[in-house]
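Below is one structure, written out as C-alpha cells; comments come after it.
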Number of protein chains: 2
Amino acid sequence: MPPARKRSATIRDVAKAAAVSTATVSKFVNGSQRFSADVEARVTRAVQELGWSLNPMARGITTGQSGNIGIVILDIRNPHFTSMVKGAARSAGVAGLNLIVADAAESKAPELAVLRALARRVDGLIVSARLPQPVLQALFDTGTPVVFYGGPPPDPAYHSVCCDNYLAGRMLGRHLRDRGLRKISYIGFPTARWSAERWRGVQDAFEGEEARFQDYEAAAPVPEEGERLASVVLLSGDMPDAIVTFNDLLALGLLAEARALGVRVPEQVAVAGFDNITYGRLGSPSLTSVDMMSEAVGEMAMQRLAEVIAGAQTRHEDVLTCRLMVRESTTRQTPG
Amino acid sequence: MPPARKRSATIRDVAKAAAVSTATVSKFVNGSQRFSADVEARVTRAVQELGWSLNPMARGITTGQSGNIGIVILDIRNPHFTSMVKGAARSAGVAGLNLIVADAAESKAPELAVLRALARRVDGLIVSARLPQPVLQALFDTGTPVVFYGGPPPDPAYHSVCCDNYLAGRMLGRHLRDRGLRKISYIGFPTARWSAERWRGVQDAFEGEEARFQDYEAAAPVPEEGERLASVVLLSGDMPDAIVTFNDLLALGLLAEARALGVRVPEQVAVAGFDNITYGRLGSPSLTSVDMMSEAVGEMAMQRLAEVIAGAQTRHEDVLTCRLMVRESTTRQTPG
DNA sequence: TTGTAGGCGTTATCAA
DNA sequence: TTGATAACGCCTACAA
C-alpha cells in the first residue's frame with residue numbers, strides 16, 4: 001500500500017530540533033537573513049533529518065502568494081498554443097513558479113465562475129487578448145495581474161506580447177504577389193480580432209496590382225473546418241490562385257481535403273497559413289506559413305508577468321518579430 | 001492602471017454583515033450543513049454584496065487540500081500528451097480541480113527537487129509509468145497519491161491507466177502480415193519500457209510465417225529522429241517491406257524524409273506508428289496507426305486520482321481498448 | 001440550529 | 001544576531 005500521507009514535520013519541529021525559534025528557521029530557509037554559522041548548521045541539519053519542507057499554502061496565507069501562474073489557452077490541441085505553454089513553462093521554471101493550464105476549448109469562452117476561481121488561486125494570469133468583453137471585465141475586477149497574448153491588450157492598462165498580425169499578413173501577401181498570384185482567397189476566423197488584420201495585411205501587399213480578393217469564414221480555427229470549407233473555396237466559382245488561412249490548422253485541413261478532391265497544391269492553387277506549426281513543415285506538400293513565435297511569446301509573457309508580480313511599474317506591449325517560412329505549398333512540389 | 005489587488009473581504013466580514021458567526025458562513029458555503037431560510041438568505045446576500053470568495057490557501061492549510069492536481073508529461077509538444085492533458089483537464093473540471101502541467105521535456109527526467117516541490121503543492125499526481133527509478137522513489141517518499149499512465153505501474157501499490165501495448169503491436173503486426181509484408185523494421189525508443197512490448201507484439205503476429213525483423217533505436221520519440229533514421233533504415237541494406245515506429249511523431253519524420261529521399265510510401269515501403277495523432281490522419285500519405293486512446297487515458301487517470309483523493313481503497317490497473325486505424329501509409333496511395 | 005474558540009503552518013513585527 | 005508573539009483566513013470540535 002502507498003504510504004499514508006505523512007503528517008509532515010512543521011517549522012516548529014525544526015525549530016525545536018535545532019534549538020532555535022521558528023522565526024529563525026523561517027528567515028533562514030527563505031534566505032531573508034543570515035545567521036551565525038553554528039545556527040545555520042543546526043537548522044540545516046534539523047531540516048535534513050526531519051525531511052521538512054515548508055507548506056506552500058501556509059506560506060501563501062501570510063504572503064498572499066501562491067507561487068502559481070494561470071495560463072488560459074483556447075485550444076490545447078493547437079500546437080501554436082502548446083508551444084506557447086512550453087515557452088511559458090520554461091520561464092516559469094526559472095522563476096520558481098508553477099503553471100496551471102486552463103483549456104477553454106470546450107466552451108467558447110471560459111466560464112466566468114471558473115475563471116474567477118482560477119484567478120483566486122494564482123498570482124497572475126496569462127490570457128488571450130481575444131477573450132470576450134464580459135470575461136475580461138470579470139477578470140479585471142479580480143485585480144489579478146494579467147498579461148495578454150496574441151494581440152494588443154484589450155485594455156491599455158495591461159501588458160501584452162504578440163507578433164504584428166498586419167505585418168505577418170503583409171509579408172505573406174508580398175510573397176504571393178511575387179509569385180505572380182493574383183486571385184487570393186482567405187479563410188478567416190472572425191472571432192479573433194486579428195484575423196481581419198492578417199487579411200488586411202495580405203491585401204495591402206497587392207497595392208497597385210490588379211488583384212481579386214474573396215474571403216470565407218471558419219467557425220473554428222481547426223483542421224475540420226479547413227476540410228469542410230475546402231470544397232466551397234475550391235469548387236464554387238473559379239479557383240483562386242492562392243488560399244490563405246487564419247492559421248495552419250485550417251490550412252492542413254484544407255490541404256488534406258484538396259488532395260481528396262484531386263486539386264493539386266501548389267500547381268493549381270497555393271496554400272499558406274500562420275503559426276508555423278511543426279506539422280506544416282513535415283507534411284506533403286510542406287506548408288508555407290508565417291512563424292508567429294509561439295514559444296517566444298509564451299516565454300516573454302511569463303517573464304513580464306513575473307516582473308509585474310515582483311512589483312514592476314512600467315507597462316509593455318511587446319511585439320516580437322515574425323518570420324515568413326516559404327515552403328512547397330506556395331512554390332512547387334518535390335518530385336513525387 | 002489595473003486596480004490594486006484588493007484586500008478582499010474575509011469570512012469574518014461576511015459573518016458580521018450577515019449577523020451570523022463565521023462557523024455558520026463556513027458551513028453554509030461549503031454545503032456541509034443547512035440553515036434556516038432566513039440565515040441562508042442573509043449569508044448569501046452578504047457574500048454577494050461583499051463579493052467574497054474563500055481563500056483557497058487559507059482553506060488548504062486546515063483541510064490539507066490544495067485543489068490542484070499535477071500532471072507530469074514528457075513532452076508537451078507531442079499531441080499524444082496534449083490529448084492526455086485535455087482528457088485530464090476535462091475530468092479535473094468536473095471535480096473542481098486545477099491542473100498544474102509540468103513538462104519534463106527539457107531534462108530527461110524531471111528534476112527531483114522540482115518534482116518534490118510540485119508534490120508538495122498538489123493533492124495528487126498523474127505521471128508517466130516510465131519515470132526512472134530514483135525519481136519514482138522520491139515520489140513515493142512524499143506519500144502523494146499517484147496514478148500512472150502509459151503502462152503498468154512501476155510499483156504494484158499504485159493505480160495505472162493505459163492501453164495494452166503488446167496487443168497494440170500485435171494488431172498492427174497482424175495488419176502488416178495480412179498485407180503480405182514480411183520484412184519488418186522497427187524504430188524503437190528503448191527508454192520506454194513498452195517500446196519493446198509493442199515490438200514483441202508486432203513480431204508475434206507473424207508467428208508461423210517466414211518473416212525478417214530488424215530494429216533501430218531512436219534517441220528521442222520526435223520527428224527529427226524519424227528524419228534522421230530514415231536514410232539508415234531505408235538505404236542501408238535492403239529495404240524492408242514495412243517500418244513500424246514507436247510513435248507517430250517518429251513516423252511523421254520518417255515519412256517526410258522518405259519523400260525527400262524519393263522513397264515512395266507505401267508502394268516501396270509501408271509505414272505505421274502508434275498514438276493516432278491528428279496530424280497522421282491529415283498527412284499525405286495518411287498514417288496508419290494504433291489509437292492508444294490518449295484523451296481517454298488522461299480522463300480516466302484523473303478520475304482515478306480523484307477517487308483516491310476522496311479516499312477510495314480499491315486499486316485499479318485500467319487497460320483501455322486500443323484501435324487500429326488503417327490508412328494510406330500501409331495500403332495505397334490516393335491518385336496523385 | 002447557531003456560536004465560541006482553538007488551531008492549522010507560516011511570516012512579520014518588534015523587542016531583546 | 002535571535003526570539004516572542006501576533007497576525008493571516010479558514011475549519012471544526014464542542015458548547016449552547
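Order of the sequence lines sets the chain letters (A, B, ...), proteins ahead of strands, with each chain counted from 1. Atom set for the values below is all heavy atoms of this structure, side chains included, hydrogens, waters and symmetry mates excluded.
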Nearest atoms (heavy-atom pairs only) where Val29(A) meets Trp52(A): CG1-CZ3, 3.8 Å

Hey, is Glu295(A) close enough to Lys86(A) for a salt bridge, meaning N to O under 4.0 Å? no

Gap between atoms [atom1] and [atom2], on [X] and [N] respectively (whole Å):
X: Arg120(B); N: dG9(C); atom1: CZ; atom2: P; answer: 9 Å
X: Arg12(B); N: dC8(D); atom1: CZ; atom2: P; answer: 7 Å
X: Phe28(A); N: dT10(C); atom1: CZ; atom2: P; answer: 16 Å
X: Asn30(A); N: dA12(C); atom1: CG; atom2: C1'; answer: 11 Å
X: Leu50(A); N: dT10(C); atom1: CG; atom2: P; answer: 12 Å
X: Met57(B); N: dC11(D); atom1: CE; atom2: P; answer: 14 Å
X: Ile11(B); N: dC11(D); atom1: CD1; atom2: C1'; answer: 8 Å
X: Arg59(B); N: dC11(D); atom1: CZ; atom2: C1'; answer: 9 Å

Take atom CZ in Arg193(B); do more than 12 heavy atoms of anything else shown fall under 6.0 Å from it? yes

Can you find a side chain N or O atom of Asn55(B) that sits less than 4.0 Å from OP1 or OP2 on dC8(D)? no

Ser66(A): what forms a side chain to side chain contact (heavy atoms under 4.5 Å, CB included) with it, not counting sequence neighbours? Asn68(A), Asp123(A), Met57(B)

Are side-chain heavy atoms of Thr142(A) and Leu125(A) found at a separation under 4.5 Å? no

Do any N or O atoms from the side chain of Arg59(B) and from the backbone of Leu54(B) form a donor-acceptor pair under 3.5 angstrom? no

Given protein heavy atoms under 4.0 Å, the one-letter contact record of nucleotides 1-6 of chain D, with B base, S sugar-phosphate only and - none, is simply -BBBB-

Would you indicate what Leu54(A) reaches in the nucleic acid, counting non-hydrogen atoms under 4.0 angstrom: base, sugar-phosphate, or nothing? sugar-phosphate

